[in-house]
Amino acid sequence: MISNNKSGVRGLTQIIDVLAGISLANQLSNSPMNAKFLSSTLPVAATEVRQGLYREYSVDKVDDSALDANIKTYKTAEETDEGKTKYWAILGVLLAGSFIIPMVQYYWYVADED
């Protein structure tokens with residue numbers, strides 16, 4: 001008599017998955033917390049006290065001048081126009097091929113061999 005052992009393998013993999021999850025949770029809970037991920041990466045320039053509706057509160061003013069740098073990552077109109085003809089040619093070849101290739105295949109399929 002042949003027995004089906006698939007359910008035993010499935011149960012074993014589920015047990016291994018649970019043990020791996022417990023091990024990972026244990027390692028994460030025992031590891032020391034890295035403080036650099038908790039703090040802001042931008043330096044604080046000054047602290048400003050503002051008047052709210054019910055009380056005063058302080059706000060950290062962040063020096064974000066480094067974020068204002070304009071970095072040109074886009075192409076100019078001239079650079080775009082230079083490459084446009086290449087893509088039109090590729091589109092034309094693909095479009096022509098999509099009509100011509102099926103016609104040739106059909107002609108080859110129905111042609112009488114003499």
Side-chain angles (χ1 to χ4, degrees):
M1 181 172 194
I2 299 173
S3 65
N4 189 355
N5 199 10
K6 289 183 180 179
S7 62
V9 173
R10 188 178 311 136
L12 181 63
T13 57
Q14 289 175 349
I15 291 172
I16 291 173
D17 288 343
V18 169
L19 291 176
I22 291 171
S23 173
L24 180 63
N26 186 28
Q27 289 176 359
L28 290 174
S29 66
N30 291 336
S31 64
M33 186 171 289
N34 194 350
K36 77 175 185 178
F37 294 116
L38 297 177
S39 66
S40 175
T41 58
L42 297 173
V44 175
T47 302
E48 182 180 304
V49 177
R50 294 185 181 174
Q51 179 65 39
L53 188 60
Y54 298 110
R55 61 184 171 100
E56 292 182 348
Y57 61 96
S58 63
V59 176
D60 292 336
K61 293 183 89 180
V62 177
D63 181 23
D64 59 353
S65 60
L67 300 175
D68 293 336
N70 287 334
I71 300 172
K72 180 184 161 193
T73 58
Y74 55 88
K75 291 184 177 183
T76 63
E78 293 81 21
E79 292 171 339
T80 305
D81 286 339
E82 289 173 2
K84 194 181 286 187
T85 56
K86 175 177 61 173
Y87 294 112
W88 278 111
I90 291 172
L91 179 67
V93 168
L94 290 175
L95 189 63
S98 67
F99 285 102
I100 294 171
I101 292 172
M103 289 180 193
V104 170
Q105 287 178 338
Y106 178 74
Y107 176 75
W108 176 65
Y109 180 73
V110 298
D112 291 334
E113 293 183 20
D114 291 332

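Computed from a predicted structure; not experimentally measured. Reckoned from all heavy atoms, side chains included, excluding hydrogens, waters and symmetry mates.
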ask   = Shortest non-hydrogen contact from Pro102 to Gly97?
value = CD-O, 3.7 Å
inquiry  = Considering only residues two or more places apart or on different chains, which pairs with a residue in residues 49-58 satisfy side chain to side chain donor-acceptor pair (under 3.5 Å)?
reply    = Glu48-Arg50
request  = Nearest 0.5 Å please: distance from the CG atom of Leu12 over to the CG atom of Asp17.
outcome  = 9.5 Å
remark   = Rounded to the nearest 0.5 Å, the CG atom of Leu19 sits from the CG atom of Leu24 at a distance of 12.5 Å
note = Sorted by chain and number, sequence neighbours left out, side-chain contact (heavy atoms from CB on, under 4.5 Å) with Ile100 holds for Ala96, Val104
